[in-house]
Structure formats: structure tokens, C-alpha cells
Amino acid sequence: MMKLRAEDLGALARGAAVLGTGGGGDPHIGRLLAQQALKEHGPVEVVAVGDLPDDACVLPVAMMGAPTVMVEKLPSADQISIAVQTLAKYVGKTPTHLACIEAGGVNSTVPVIAAAQLGLPLVDGDGMGRAFPELQMVLPTLAGIEATPMAIVDEKGNRGVFDTVTNEWAERLARSATVDMGCSAIVSLYAMTGAEVRESFVAGTLSKCVSIGEAIDRAQQLHGDPVAAVVDELGGRLLHVGKVVDVQRRTTTGFARGDAAVDGLDGSQGRLLVLRFQNEHLVAELDGTAIATTPDLIIVLDTESGEPITTESLRYGHRVSVLAAPADERWHSPAGIELVGPRYFGYDLDPIRALETV
């Protein structure tokens, strides 16, 4: 069992933004909110997935909505714990642990805030091993675990509970509510036993986030190559190096959707990479041909510093390195591809794995 302290949050947030594949919300905002909670309430215990009792009551908590909105509309710390308490009251159970439903930006730190406030341990794992834009897009869905009952809370104090017939209906109804709540809300959902978490979670995600963040920091301090350090940590590959020459981004139906064009530099000179995203990067196309797709990870880093760049912060002139890394193998099952493959998002493509030669 490890303890998560305020000084660990820089590495955690940085690594989570890498695994977030451009989505999951601004990691800086989440880190500041979590640091304040840990300073006020003390460190949070982090429990390995394999150490959870079968009968544990695990409640994940997360931000839902467009990351572009959260940059300007911050959640309150109370909003986060209220979401957990609302779900616990509805299901009539006392939570024993909290968890991240996705490893991505702010959603790796939102549960830290609730855990500090409520004095509960946090699970070292998550439901994806990365970030995806819709709430049914988690490994617990593949394991037959229901998203609802689900609590949703906005910053004004409005709260509600959905109890839906499928996880897809939970996404549909909660997305509509999130748009009415200003395109950003806090949700608590996928209440699970310890046995269900062991079956359906990606283990060790928080530890992995910290190790990725520390690898970037170490490379910066030693004047090494932080991009190469991330490639090594993830077992991935470098796709493209260049300068962002165009970003088309819009916030629609509660998502940040768009495309970014990266003109090649150095070894990528003369080639153009286009990124397609919906909160997260979903497809990378080099000179018009797809070379990496969801469900594997497509990650954008600042070439010099190795810092992850989210889709809402991509700007013209950014010098970036684009990486691909393998996702949890369960995402490559037929059911996983149906849930999060390119065709679900409207791209007429078969999945292209991060380590395939194109």
C-alpha cells in the first residue's frame, strides 16, 4: 500500500495526461484542486487492485463533459464529494474505496480530491488504461457491469440519479444533462464490488502515471530526451515530429471535436500528419493514410520538454512529437472494437495497431 502526497501530484497529473491521449481534462487544474485537498486533509492511501476484498464497495468518480469548458468552469471540491455521497445514498451502501474510471488528465485527480475529503483509500487502477470520450467506453462494460445507478452533480448544487436500461442509455441521458449543466459536470457511477474491479480494471494505472511523469521530469533534469523516455515507458513508437499548422476545434454535444495538422520537421520533413479527435485523439493520418487508430493510444507531446498537450490546448506553432502506444489487449477483442473502434466514431477504417508497420 502506498500513500499519495501533494508532492506526488505533479508526476501523477503529467503521466495521466500522457495516458489521456489528449482528453480527460486539463491536468494542471486537477493537480491544483487535488493538492489543496491533500494539504487540507492529508495523504491518501492507494490500494492495489489485487488487494481489494471481494465485498469492497468501490465508487468511481469523474468529470463528464467537454475539456474545453472545464478550463474556464472549474468544479468545486464539494461538488466532487457530493457526487460520491449522492450515489452512495441511492444504492444504500457505504463506500470502502474510490476509483478512477479513466486514466486521463483531470480524471486521474478528481478521485484524489474525493478520497482526501471523505477519508477513503483510492484504487491503483482504472477502467480503461487511457481515456475515451463516452461513459460506456470502459472495460467494466465489456465485463457486463452496469454504469448505473449514476449520480450527476453540477457546480450550482443541482444533482440527479440516472438508472438506465443500458450503459449506452446512461451516456445518452447523462450527456444531455451535462449539456444543460453547462457542458461540464461531476459523475459517480459503475459502483462495483472488489471482485468486479479485479475482473474489469486495468491494474496499476496510478503507479504507471507517476512513473511516466517522473521519467519526463528525470529526462528534463538530465537534459535528455523526454519524448524517448515516454516511448520507452509505454513500449510505443514515434510516429511524427513537426509543427502544428492548423487546428479546427469546436465544442458540440458536450464534446471537443476537431482536427489538427502537423507539418513535418527533422526526420518527418515534407510529410503532413493530421490528427482526428473527439476529446481524445482517435486517428492519425500521414499524407492521407491512417497509420494509428483507436483503441490504441495516440499521444501528442511538446518535442522539447516532453510535456503532454491536450486537445483543448493544441495551438498553431506548437512543436510536437506524436506517439502511438498499445492499449490494454481487451480493447482489441471483437466487443472492444465494436465499442471503441474507428467505425464507432464514424471512420471507415479497421483498427491499426500502434506497433504495426504501415
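This one's a predicted model, so the numbers in the text were calculated from it and none came from an experiment. For this chain, numbers begin at 1 and follow the sequence in order.
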Item to check | Exam field: side chain S268 to backbone V241, donor-acceptor pair closer than 3.5 Å | outcome: yes
Next on the checklist: Surrounding CZ of R330 (heavy atoms of other residues, nucleotides or ligands, distance under 6.0 Å), is the total greater than 12?
Outcome noted: yes
Next on the checklist: Any side-chain to backbone donor/acceptor pair from N107 onto M63? Under 3.5 Å, distance only.
Outcome noted: yes
Checklist entry - Has the side chain of D296 got a donor or acceptor atom that lies under 3.5 Å from a matching backbone atom of T293? => result no
Checklist entry - Taking all non-hydrogen atoms of both residues, which atom of R198 and which atom of G50 are closest, and how far apart? => result CD-CA, 4.0 Å
Checklist entry - Does E329 come within less than 4.0 Å of R353, counting only side-chain N to carboxylate O? => result yes
Checklist entry - Only one of V49, V123, L98 forms a side chain to side chain contact (heavy atoms under 4.5 Å, CB included) with V58, so which one is it? => result V123
Checklist entry - Does L206 reach the side chain of L12, with side-chain heavy atoms less than 4.5 Å apart? => result yes
Next on the checklist: Checking the side chain of H318 only, and the main-chain atoms of R315 only, is there a donor and an acceptor separated by less than 3.5 Å?
Outcome noted: yes
Item to check | Worked verdict on Q248 versus D259 for side-chain hydrogen bond (donor to acceptor under 3.5 Å, both in side chains) | outcome: CA-CA 5 Å; Q248 301 292 325; D259 312 285; over 6 Å; no
Checklist entry - Under 3.5 Å, side chain of S188 to main-chain N/O of V61, donor-acceptor pair present? => result no
Next on the checklist: Just to verify, which of D163, N167, L87 counts as forming a side chain to side chain contact (heavy atoms under 4.5 Å, CB included) with T148?
Outcome noted: D163
Checklist outcome for this item: Checking I298, I299, L297 against R130 for side chain to side chain contact (heavy atoms under 4.5 Å, CB included), the one that qualifies is L297
Checklist entry - Taking a hydrophobic cluster as the set of Ile, Leu, Val, Met, Phe, Trp and Tyr residues connected by side-chain heavy atoms closer than 4.5 Å, whether directly or through intermediates, do L135 and I101 fall within one such cluster? => result yes
Checklist outcome for this item: Taken in chain and number order and not counting sequence neighbours, the residues that satisfy ring pair (Phe, Tyr, Trp, His ring centres under 6.0 Å) with Y190 are none
Next on the checklist: Run the side chain to side chain contact (heavy atoms under 4.5 Å, CB included) test against A335 and tell me which residues pass, sequence neighbours left out.
Outcome noted: L142, S333
Item to check | Test item: V84 and L118 side chains (from C-beta on) under 4.5 Å apart, heavy atoms | outcome: yes
Item to check | Remaining members of hydrophobic cluster (4.5 Å side-chain criterion), L32 | outcome: none
Next on the checklist: Check whether S200 reaches the backbone of E196 with its side chain - one donor and one acceptor, N or O, closer than 3.5 Å.
Outcome noted: yes
Checklist entry - Does V274 belong to the same Ile/Leu/Val/Met/Phe/Trp/Tyr cluster as V244, with side-chain heavy atoms less than 4.5 Å apart forming each link? => result no
Next on the checklist: I'd like to check R175 versus M64 (side-chain heavy atoms, cut-off strictly below 4.5 Å). Are they in contact?
Outcome noted: yes
Next on the checklist: Between E285 and R276, is the salt bridge (Lys or Arg N to Asp or Glu O under 4.0 Å) condition met? List the steps.
Outcome noted: CA-CA 8 Å; E285 299 173 356; R276 314 286 185 188; 3.0 Å; yes
Checklist entry - Thinking salt bridges, do E307 and R14 make one under a 4.0 Å N-O criterion? => result yes
Checklist entry - Is the shortest heavy-atom distance from the side chain of V210 to the side chain of I212 under 4.5 Å? => result no
Next on the checklist: Between E312 and R249, does any side-chain N to carboxylate O distance fall below 4.0 Å?
Outcome noted: no
Item to check | Contact list for residues 217-251, test ring-ring contact (aromatic ring centres under 6.0 Å, His included), sequence neighbours left out | outcome: none
Next on the checklist: Tell me whether W331 contacts the main-chain N or O of M128 through its side chain, where contact means a donor paired with an acceptor under 3.5 Å.
Outcome noted: yes
Checklist outcome for this item: Taken in chain and number order and not counting sequence neighbours, the residues that satisfy salt bridge (Lys or Arg N to Asp or Glu O under 4.0 Å) with R31 are none
Checklist entry - Are M137 and F201 connected in a single hydrophobic cluster, I mean Ile/Leu/Val/Met/Phe/Trp/Tyr linked by side-chain heavy atoms less than 4.5 Å apart? => result yes
Item to check | N/O donor-acceptor pair under 3.5 Å between T86 side chain and I82 backbone | outcome: yes
Item to check | Spacing of E280 atom CD and F345 atom CZ [to the nearest 0.5 Å] | outcome: 8.0 Å
Item to check | T303 side-chain N/O to V320 backbone N/O, donor-acceptor pair under 3.5 Å | outcome: yes
Next on the checklist: Would D287 and R271 count as a salt bridge (Lys or Arg N to Asp or Glu O under 4.0 Å) here? Give the steps.
Outcome noted: CA-CA 6 Å; D287 296 332; R271 312 200 74 181; 2.8 Å; yes
Please table the atom pairs, donor to acceptor, closer than 3.5 Å between any side-chain atom in residues 336-343 and protein atoms at least two apart or in another chain.
| from | atom 1 | to | atom 2 | distance (Å) |
| --- | --- | --- | --- | --- |
| R343 | NE | D348 | OD1 | 3.4 |
| R343 | NH1 | L349 | O | 3.0 |
| R343 | NH1 | D350 | OD1 | 2.7 |
| R343 | NH2 | D348 | OD1 | 3.2 |

